[in-house]
Amino acid sequence: IFRRTTVQSQNINVSGGTDIAKYRFSAGYFDNGSTRGNYNYTRYNFKSSTEFKIGKHLVIGNNTMYRYTKTTGRDADIGGALRWAPYQPVLSNASKNPGHYSNITNADNLNDAVNPMIPLAFNKDNGFDNKLLTQLYAEVKIIEGLTFHSQFQYEFDSYRYLNYLEKDYINSVSNANYLNEGYSVGM
């Protein structure tokens, strides 16, 4: 249930400008796997900022950010692994489970622990998130020491998940395969 994994993080930034225009653009990539189970988190992000000075009294600008994240897999059930009977192997040729994963859900064992490897081997959990955030602003210098600032911000977020659970045997009861899919959108 434990594994070695890596963490990656890459970023690039470009910025510059003049007295009348400034800009900054950045992009990033982040990937992190869990040391427990087969869970992975991946993120891509992009950001842009621009600002323009128009005349002596007006400044307008825009900040925009986009982020995409993807999660796959699941963390291992440490509690189930601790409850698993030390005399029971993880795999058993006598098992009727797919992959011959053993179970100990019977009256003789007095234990209802689920083999912690079954969800890692057969269950597929996936999540996808998109987020867009943009901000427009303007500043007007009315007189020396007095500036009017106004801004408009818009945010859009969508999330989708797709989870598949393979048939397994829990507490000596056969559970059917099932697919669970969902969406959420926010503004």
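Taking a 6.0 Å sphere around CZ of Arg24, one finds it holds 12 or fewer heavy atoms contributed by other residues, nucleotides or ligands. Enclosure of atom CG in Leu146 by more than 12 non-hydrogen atoms of other residues, nucleotides or ligands within 6.0 angstrom is indicated. Within a 6.0 Å radius of CD1 in Ile20, other residues, nucleotides and ligands contribute 12 heavy atoms or fewer.
Minimum heavy-atom separation, Asn11 to Gly28: OD1-CA, 3.4 Å. Annotation for Asn163 and Asp125: closest pair OD1-CA, 3.3 Å, computed over non-hydrogen atoms. Taking both residues in full, the closest heavy atoms of Leu120 and Gly37 are given as CD2-CA, 3.6 Å, listed atom of the first, atom of the second, then distance.
Side-chain N/O atoms of Tyr137 and Gln153 include no donor and acceptor closer than 3.5 Å. When only modelled atom types and interatomic distance are considered, Ser34 and Asp75 share a side-chain donor-acceptor pair under 3.5 Å. With 3.5 Å as the limit, one finds a donor-acceptor pair spanning the side chains of Asn62 and Thr64.
A 4.5 Å side-chain heavy-atom check between Tyr183 and Val185 finds every atom pair outside the cut-off. Between Thr71 and Tyr39 there is a side-chain heavy-atom pair separated by less than 4.5 Å. Between Glu51 and Val59, the closest side-chain pair of non-hydrogen atoms falls below 4.5 Å. Side-chain contact check for Arg36 versus Ile1: every heavy-atom pair is 4.5 Å or farther apart.
Annotation: the span from Thr69 atom OG1 to Tyr41 atom OH amounts to 5.0 Å, rounded to 0.5 Å. To the nearest 0.5 angstrom, Thr134 atom OG1 is 10.5 Å from Tyr154 atom OH. Atoms NZ and CG, from Lys124 and Leu162 in turn, are 12.0 Å apart once rounded to the nearest 0.5 Å. The CD atom of Glu139 sits 9.5 Å away from atom CD of Gln151, with the distance rounded to the nearest 0.5 Å. Rounding to the nearest 0.5 Å places CG of Leu58 at 11.5 Å from CZ of Phe148. For the atom pair CG (Asn32) and CZ (Phe30), the distance works out to 4.5 Å, reported to the nearest 0.5 Å.
Both Leu82 and Val90 belong to a single network of hydrophobic side chains, linked directly or stepwise wherever heavy atoms of I, L, V, M, F, W or Y lie under 4.5 Å apart. Note on Met65: it does not cluster hydrophobically with Phe46, by side-chain heavy-atom contacts below 4.5 Å among ILVMFWY residues.
Salt bridge status for Lys131 with Asp157: absent, with no side-chain N to carboxylate O gap under 4.0 Å.
Side-chain atoms of Arg160 do not come within 3.5 Å of backbone N or O of Gly182 as any donor-acceptor pair. Without hydrogens or angle criteria, His57 side chain to Val140 main chain gives no donor-acceptor distance under 3.5 Å.
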When you look at Asn126 and Thr72, which way does the side-chain hydrogen bond (donor to acceptor under 3.5 Å, both in side chains) test go after all the steps?
CA-CA 4 Å; Asn126 299 294; Thr72 58; 5.0 Å; no
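Among Tyr159, Tyr66, Tyr68, the one residue that satisfies the side-chain hydrogen bond (donor to acceptor under 3.5 Å, both in side chains) test with Asn130 is Tyr66. Between Asp31 and the options Thr42, Thr5, Asn40, a side-chain hydrogen bond (donor to acceptor under 3.5 Å, both in side chains) holds for only Thr42. Among the candidates Asp129, Leu132, Leu133, the single residue satisfying the side-chain contact (heavy atoms from CB on, under 4.5 Å) test with Arg67 is Asp129.
Ring geometry for Tyr29 against Tyr44 counts as tilted: the plane angle lies between 30° and 60°, on a 0 to 90° scale.
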